[in-house]
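The first residue in the sequence is number 1, and the count goes up from there.
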Amino acid sequence: MTEKVTVPNLGESITEATIAKWFKAEGDAVSEDEPLCELETDKVAMEVNASKAGVLTKILAAEGAEVAIGDAIAEITVGATPAKEAPAPVAEKAPEPAPAPVVAEEKILSPSAKRLAQEKNIPIDSLSGTGKDGRVTKEDVQSATRAPTPTPSAPRGGEERVKMSRMRKRIGERLKEAQNTAAMLTTFNEVDMTAVMASRSRNKELFEKKHGVRLGFMSFFIKASVHALKEIPSVNAEIDGQDIIYKNHYDMGVAVSTETGLLVPVLRDADQKSFAEIEAGIADFGARARSGDIKLDELQGGTFSLSNGGVFGSLLSTPILNPPQSAILGMHKIEPRPVAKNGEVVIRPMMYLALTYDHRIIDGREAVTFLVRIKELLEAPERLLLDL
């Protein structure tokens, strides 16, 4: 019996994908639920598994082919076994060959680990497996410290043409869509981080010991954003045709940079989460975004986003909207600067804040008020605990 392998449902608003990599070749035996290939969508990469055991008898869509939901991409002969090759003739009195050295390909790698190692030019024989029976996992590849082998180039440096990934193309389309559709404007303020840094310094060891997660700055900013969004509801709204939809839930998109592009997983119901739950959620998103394990539904439905360019050293920037959201808060590098306090010039750890917003729905007064509220809450973080 022959069974077709088809492109599964890829999630809301995703109708097509690209065959990024085949893990199996025609004639290979496959087990039930074994990964056959990887699909690249404009949001995440996902594996297609075999629904039945048998032999992969035909590949209908080659690597690089664009496919739609429901398209047949391969055929499996259910229950079959690979054809056995005829044994090679053995010469009489042939000396017994010396044991062949173990080569890199004999290592047990998961398909995703093998693909990642190839992409990063990491020799497979340099990897150590921490999985079951010494299996090399994707995490093992990511933790490898060996530098990629440099590609030989012409004396002037040469050029390399690489096909743009579907995710990168989609990121570009969405950013251009935001520029073409929204009346984007950015307003700035600065916040004295002294109080937040002092609170974090006093409590970080006890916090980590009790909750098992590090106390960072992002939980303070998310808490402050939720308070400010409740007071300025237009910043948490979106435009739908001729209507404005005001959101009474607070789902925070947290921008995470990965090697394949920027992902914005969504922390649901942030207003109902504790500092520890927020920090745990962000840490989990960061790890899974970089390993390619973020789920499609985790990237959808945010009402407001935060982007921290400060982790890369950015002092000031103008973040771009994440449609259909109407605002995004940009955080930046904490920099000691001279400021006037009580008539004296003192050095304080200062951070520039940037709020990019859609001027069609948010007025300048509301944007400035929102940023001032963030500043007030962060400079007196006890207000976050007292809901003031």
Side-chain angles (χ1 to χ4, degrees), residues 44 130-131 137-140 142-143 191-231 236 247-258 262-312 328-334 349 351 353 373-388:
V44 295
T130 61
T137 67
K138 183 186 292 185
E139 289 71 23
D140 295 327
Q142 291 171 333
S143 63
V191 56
D192 183 346
M193 294 291 290
T194 300
V196 169
M197 293 175 70
S199 176
R200 179 175 178 268
S201 179
R202 287 193 305 269
N203 299 295
K204 62 181 181 180
E205 290 185 7
L206 182 60
F207 185 92
E208 186 171 358
K209 182 178 180 180
K210 180 175 181 179
H211 300 294
V213 65
R214 293 180 60 190
L215 176 60
F217 293 123
M218 189 61 79
S219 53
F220 288 91
F221 279 88
I222 288 180
K223 282 287 189 181
S225 295
V226 168
H227 276 67
L229 290 172
K230 289 181 177 180
E231 296 181 20
N236 201 48
K247 308 293 182 68
N248 296 318
H249 52 96
Y250 304 90
D251 300 332
M252 303 288 102
V254 182
V256 178
S257 179
T258 72
L262 189 71
L263 296 179
V264 189
V266 178
L267 189 69
R268 311 285 178 188
D269 300 316
D271 57 317
Q272 300 175 27
K273 286 181 165 53
S274 65
F275 276 76
E277 290 171 328
I278 291 173
E279 291 291 354
I282 293 172
D284 176 60
F285 281 153
R288 291 194 293 116
R290 284 182 282 271
S291 67
D293 295 324
I294 284 287
K295 299 176 182 178
L296 288 171
D297 59 0
E298 293 175 317
L299 301 173
Q300 300 166 345
T303 63
F304 180 79
S305 290
L306 301 92
S307 179
N308 185 6
V311 297
F312 303 109
I328 180 172
L329 179 68
M331 304 158 56
H332 299 91
K333 179 183 178 182
I334 299 174
M351 176 193 285
L353 300 179
R373 188 67 174 125
I374 296 285
K375 172 184 172 70
E376 292 173 347
L377 289 165
L378 293 173
E379 292 184 344
E382 67 273 8
R383 295 184 181 185
L384 296 174
L385 302 177
L386 300 175
D387 195 22
L388 298 176

Contacts of S257 meeting side-chain hydrogen bond (donor to acceptor under 3.5 Å, both in side chains) (sequence neighbours excluded), chain-then-number -> none
What is the minimum heavy-atom distance between I328 and L306, and which atoms define it? CG1-N, 4.4 Å
Please check if the side chain of E298 supplies one atom and the backbone of P265 the other of a donor-acceptor pair under 3.5 Å. no
Return the NZ to CG distance between K375 and L353, rounded to the nearest 0.5 Å. 8.5 Å
Please output the side-chain donor-acceptor pairs of residues 216-225 that fall under 3.5 Å, not counting sequence neighbours, one pair per line with the distance.
| unit_1 | atom_1 | unit_2 | atom_2 | d |
| --- | --- | --- | --- | --- |
| S219 | OG | E279 | OE2 | 2.6 |
| K223 | NZ | K273 | O | 2.6 |
| S225 | OG | F221 | O | 2.7 |

Between R288 (side chain) and D293 (backbone), is there a donor-acceptor pair under 3.5 Å? yes
Spacing of I282 atom CD1 and D284 atom CG [to the nearest 0.5 Å]: 11.0 Å
For residues 204-214, please give each side-chain donor-acceptor pair under 3.5 Å, one per line with the distance, not counting sequence neighbours.
none

With a 3.5 Å cut-off and no angle check, do the side chains of T303 and D251 form a donor-acceptor pair? no
Counting N and O atoms only, with roles assigned by atom type, does the side chain of N236 sit under 3.5 Å from a partner on the main chain of H249, one being a donor and the other an acceptor? yes
Could you state the interatomic distance from NE2 (H332) to CG (N308), rounded to the nearest 0.5 Å? 8.5 Å
Please round to the nearest 0.5 Å and tell me the distance separating atom CZ of R268 and atom CE of M252. 11.0 Å
Out of curiosity, M197 CE to L378 CG, how far, rounded to the nearest 0.5 Å? 12.5 Å
Closest non-hydrogen atom pair between L263 and A289, with its separation: CD1-CB, 4.1 Å
Compare all side-chain heavy atoms of I278 with those of L267 and state whether any distance is below 4.5 angstrom. yes
When rounded to the nearest 0.5 Å, the distance separating CZ of R373 from NZ of K230 is 11.5 Å
Which heavy atom of M193 sits nearest to which heavy atom of M351, and what is that distance? CG-CB, 4.1 Å
For the student: nearest non-hydrogen atoms of P349 and I334, plus distance: CB-CG2, 3.6 Å
Tell me the closest heavy-atom pair linking V266 and Q300, and the distance in Å. CG2-O, 3.8 Å
